[in-house]
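To start, the structure under review is shown below, and the notes come after it.
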Amino acid sequence: MAQIKPSLAKGTRDFSPAEMEKRNYIFDTIKDVFRRYGYQEIQTPSFENLQTLTGKYGEEGDKLIFKILNSGDFLSKVSEDKLMERNSNALTPLISEKALRYDLTVPFARYVVMHQNDIALPFKRFQVQPVWRADRPQKGRYREFYQCDVDVVGSESLLNEAEFVLIYKEALGKLGLKDFTIKLNNRKILAGIAALIGKPELLIEMTVAIDKLDKIGLEGVNKELLERGFTPADLEKLYPVITLSGNITEKVSSLKKTLAPTEIGLQGIAEIEEVLAYVQAMDSGAGHLVELDITLARGLNYYTGCIFEVKTNEVQMGSIGGGGRYDDLTGMFGLKGLTGVGISFGADRIYDVLEELQLFPKSAQQGTKVLISNFDTTAQQYALPIVQQLRQAGISSELYPNASKLKKQMSYADAKGIPYVILIGEQEMTGGLLTLKDMATGDQQSLELSAIVERLR
RNA sequence: GUGGUUUUAGCUCAGUUGGUUAGAGCGCCUGAUUGUGGUUCAGGAGGUCGUGGGUUCGAGCCCCAUAUUCCACCCCA
């Protein structure tokens with residue numbers, strides 16, 4: 001067989017042992033918080049029927065879905081005309097019926113509809129799995145990455161939203177992040193603003209434009225709004241909203257006045273206030289993390305109420321989490337009137353942030369505690385029951401599998417960061433005591449196995 | 001999808017106007033030490049210069065294509 005140069009597919013990475021230790025530390029920390037808030041884990045398949053995924057993420061999102069070619073001679077069933085048209089978009093559904101999941105929320109909605117008779121509402125689930133996006137990779141952006149989602153369906157209470165704020169606070173705090181902001185907004189406020197101008201149909205255009213405020217400034221936003229179908233008179237009305245400033249209470253009271261003519265806008269503000277009140281009642285220290293940011297839009301089309309986004313202020317990085325309420329996601333699968341709300345942690349970005357800030361604890365690297373040397377076949381035979389006894393005593397142990405030079409075995413222990421080595425040779429086997437070497441200090445002493453177990457446990 | 005950028009030893013990187021045999025540090029292997037790693041010393045291996053074309057007497061260096069890395073858009077975790 002012809003040799004091929006080994007390489008990774010664009011936007012993917014291998015995770016070596018040291019990286020997996022750190023990744024698992026992140027996953028374990030986040031999952032632990034999820035469980036303590038009463039969420040249970042599920043998993044769904046890596047790929048779904050293409051139909052399940054398309055049309056949920058907006059036009060841009062749909063383009064980023066990785067499609068899977070049908071099996072067999074998939075072109076034989078396609079008509080000559082379709083092939084000659086050379087129209088990829090028209091051809092795709094004919095040759096692809098499956099796709100890699102793009103996020104965890106839509107598969108979850110599908111899951112809820114399919115298992116509606118088995119689950120008790122409100123249903124609180126979490127899910128930690130990889131998702132795939134055919135995006136162009138760059139810093140903090142991969143084509144395969146893990147999301148840690150928590151969602152609850154079947155409860156319209158804003159207590160859920162408030163708990164998500166606390167989950168963010170707790171999980172990110174446990175991971176060592178000190179300075180981060182949980183941005184909060186509500187789609188109803190955005191709808192209210194659009195209604196105020198009298199152009200509810202331009203809601204999406206409006207949010208996309210004002211979302212860029214911190215990037216392109218007020219003038220840039222105005223320019224973009226004009227390009228997207230708004231008039232100078234509209235900009236006049238938008239001005240006080242876009243340039244909203246002050247602390248969260250000031251923003252709320254200012255918005256109340258501006259949005260007074262629109263019922264939906266007032267409703268959005270009321271929801272924000274309620275969430276904040278819950279947060280305050282549960283943890284008075286969490287309120288300062290929350291910021292009302294009415295320029296926060298979030299692309300995913302299915303959000304209808306509160307929306308979240310989390311940014312770290314310690315390093316330059318895109319959002320490390322986001323989420324929101326969706327009132328009718330299950331409706332697309334035939335189950336109407338079921339509301340849901342959830343958030344997501346971007347594990348890979350959090351990893352990059354922790355790495356940059358050097359926040360991984362030493363204990364995130366727990367490997368083999370003791371290596372037993374291998375002198376020759378006799379010593380190996382002698383060591384077999386010993387290594388098992390150590391393992392049964394809960395001590396991570398390994399017996400070097402070959403009678404290589406001791407120098408090589410010691411180097412192995414050193415390279416792998418194994419803190420202790422047990423030497424078993426002629427002397428030890430006749431004397432009945434084992435030699436325990438502490439790799440950090442270089443000290444050696446002769447001990448009985450029971451004493452070694454005591455010491456290493 | 002658009003524009004730019006990167007690619008040379010296992011890793012991080014030098015490499016002059018296009019000119020003999022492509023370098024360094026770290027790592028790796030061997031020995032000093034046949035029962036001892038991490039330090040020290042001596043020696044050694046390892047490269048189709050991302051890939052495919054082209055220009056040239058001659059290409060790591062110039063041109064074209066392509067892949068890849070990172071960055072800015074777009075969008076997002």
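Just so we're on the same page: letters track the sequence lines, and every chain starts at 1.
In this structure the side chain of A/L235 reaches within 4.5 angstrom of the side chain of A/L225, judged on heavy atoms. Counting heavy atoms from C-beta outward, A/D348 and A/R23 have side chains that approach closer than 4.5 Å.
Between A/F66 and A/Y102, the ring center distance fails the sub-6.0 Å criterion. In summary, the aromatic rings of A/F34 and A/F126 are positioned with their centroids under 6.0 Å apart. Remark: aromatic rings of A/Y146 and A/F27 are close, center separation under 6.0 Å.
With both ends at atom C1', the span from B/rU48 to B/rU7 equals 16 Å, rounded to whole Å. If you take atom P in B/rA45 and the same atom in B/rG37, they sit 25 Å apart, rounded to whole Å.
Heavy atoms of other residues, nucleotides or ligands lying less than 6.0 angstrom from CD of A/Q40 number 12 at most.
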Run the side-chain donor-acceptor check on residues 428-438 of chain A: report pairs under 3.5 Å with partners two or more places apart or on a different chain.
from   : atom 1 : to     : atom 2 : distance (Å)
A/E428 : OE1    : A/G425 : N      : 2.9
A/E428 : OE2    : A/T435 : OG1    : 2.5
A/T430 : OG1    : A/E426 : O      : 3.0
A/T430 : OG1    : A/Q427 : O      : 3.0
A/D438 : OD1    : A/A440 : N      : 2.9
A/D438 : OD1    : A/T441 : N      : 3.4

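Across the protein-nucleic acid pair, A/M439 atom CE and B/rG38 atom C1' stand 7 Å apart, rounded to whole Å. To the nearest angstrom, C1' of B/rC76 lies 12 Å from OH of A/Y302. Counting to the nearest Å, the P atom of B/rG38 and the CE atom of A/M410 are 9 Å from each other. Rounding to whole angstrom units, CD1 of residue A/I343 and P of B/rC76 are separated by 18 Å. One can place CD of A/E227 at 14 Å from C1' of B/rC73, the figure rounded to the nearest angstrom. Atom-to-atom, CG of A/L8 to P of B/rC70 comes out at 11 Å; the value is rounded to the nearest Å. Atom P of nucleotide B/rA77 and atom CG of A/L172 are separated by 15 Å, given to the nearest angstrom. To the nearest angstrom, P of B/rU2 lies 14 Å from CG of A/D135.
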Let's go through A/T105 and A/Y326 carefully: what are the C-alpha distance in whole Å and the side-chain angles of both, what is the deciding distance for side chain to side chain contact (heavy atoms under 4.5 Å, CB included) to 0.1 Å, and is it a yes or a no?
CA-CA 10 Å; A/T105 309; A/Y326 38 91; 3.8 Å; yes
Begin from the C-alpha positions of A/I193 and A/L238 and carry the test side chain to side chain contact (heavy atoms under 4.5 Å, CB included) through to its verdict.
CA-CA 8 Å; A/I193 297 168; A/L238 272 176; 3.3 Å; yes
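Between A/K311 and A/M317, the shortest heavy-atom contact is NZ-O, 2.8 Å.
Taking 4.0 angstrom as the limit, A/K311 places none of its side-chain polar atoms (N or O) nearer than this to OP1 or OP2 of B/rA77.
Contact annotation for A/S411: backbone-only contact, meaning every heavy-atom pair under 4.0 Å involves sugar-phosphate atoms and none involves a base. At a threshold of 4.0 angstrom between heavy atoms, the contacts of A/Y142 include nucleobase atoms, whether or not backbone atoms are also involved. A/Y412 comes within contact range of no nucleotide atom at all, as no heavy-atom separation falls under 4.0 Å. Nucleic acid contact for A/G321: sugar-phosphate only, since backbone atoms but no base atoms lie under 4.0 Å from a heavy atom of the residue. Heavy atoms of A/G61 sit nowhere under 4.0 angstrom from any nucleic acid atom.
In this structure, of B/rC75, B/rG35, B/rA77, it is B/rA77 that holds the atom nearest to the side chain of A/R133. Counting only heavy atoms from C-beta on, A/Q138 has its side chain closest to B/rA72 among B/rC75, B/rC76, B/rA72.
Not a single donor-acceptor contact under 3.5 angstrom links the side-chain atoms of A/R136 to the base of B/rC76. Residue-to-nucleotide contacts include a donor-acceptor pair under 3.5 Å from the side chain of A/D414 to the base of B/rG37. Residue side chain A/R141 reaches the base of B/rC75 through a donor-acceptor N/O pair under 3.5 Å, judged by distance alone.
Between the side chains of A/Q127 and A/R125, a donor-acceptor pair is found at a separation under 3.5 Å. If you check the side chains of A/N160 and A/S155, you find a donor sitting under 3.5 Å from an acceptor. Residues A/S404 and A/N374 have side chains that never bring a donor and an acceptor to within less than 3.5 angstrom of each other.
Using a cut-off of 4.0 Å between Lys/Arg side-chain N and Asp/Glu carboxylate O, A/E97 and A/K67 are scored as not salt-bridged. The existence of a salt bridge linking A/E355 and A/K22 is confirmed by a sub-4.0 Å separation between a basic side-chain nitrogen and an acidic carboxylate oxygen.
Checked by atom type and distance alone, the side chain of A/N49 never pairs as donor or acceptor with a backbone atom of A/K98 at under 3.5 Å. The backbone N or O of A/I95 lies less than 3.5 Å from a partner atom in the side chain of A/N70, making a donor-acceptor pair.
Near RNA chain B, defined here as any heavy-atom distance below 4.0 Å, the residues from residues 420-434 of chain A are A/L423, A/G425, A/E426, A/Q427, A/E428, listed numerically. Shown for residues 440-457 of chain A: residues whose heavy atoms fall under 4.0 angstrom of RNA chain B, namely A/A440, A/G442, A/Q444.
Toward the 5′ end of RNA chain B lies the nearest nucleotide of A/G11, the other residue of the pair A/G11 and A/E60 mapping further downstream.
Stem regions annotated for RNA chain B: B:1-4 with B:70-73, B:10-13 with B:23-26, B:28-32 with B:40-44, B:50-54 with B:62-66, counting only runs of 3 or more consecutive pairs of Watson-Crick or G-U type with both contacts under 3.5 Å.
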What pairs of nitrogen or oxygen atoms, one from the protein and one from nucleotides 42-47 of chain B, lie under 3.5 Å apart?
none

Pick out the pairs of N or O atoms, protein on one side and nucleotides 30-34 of chain B on the other, that lie under 3.5 Å.
from   : atom 1 : to     : atom 2 : distance (Å)
B/rG31 : OP1    : A/K405 : NZ     : 2.8
B/rG31 : OP2    : A/K405 : NZ     : 3.3

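With A/T304 as reference, A/D327 is the one residue of A/D327, A/D328, A/N186 to meet the side chain to side chain donor-acceptor pair (under 3.5 Å) rule.
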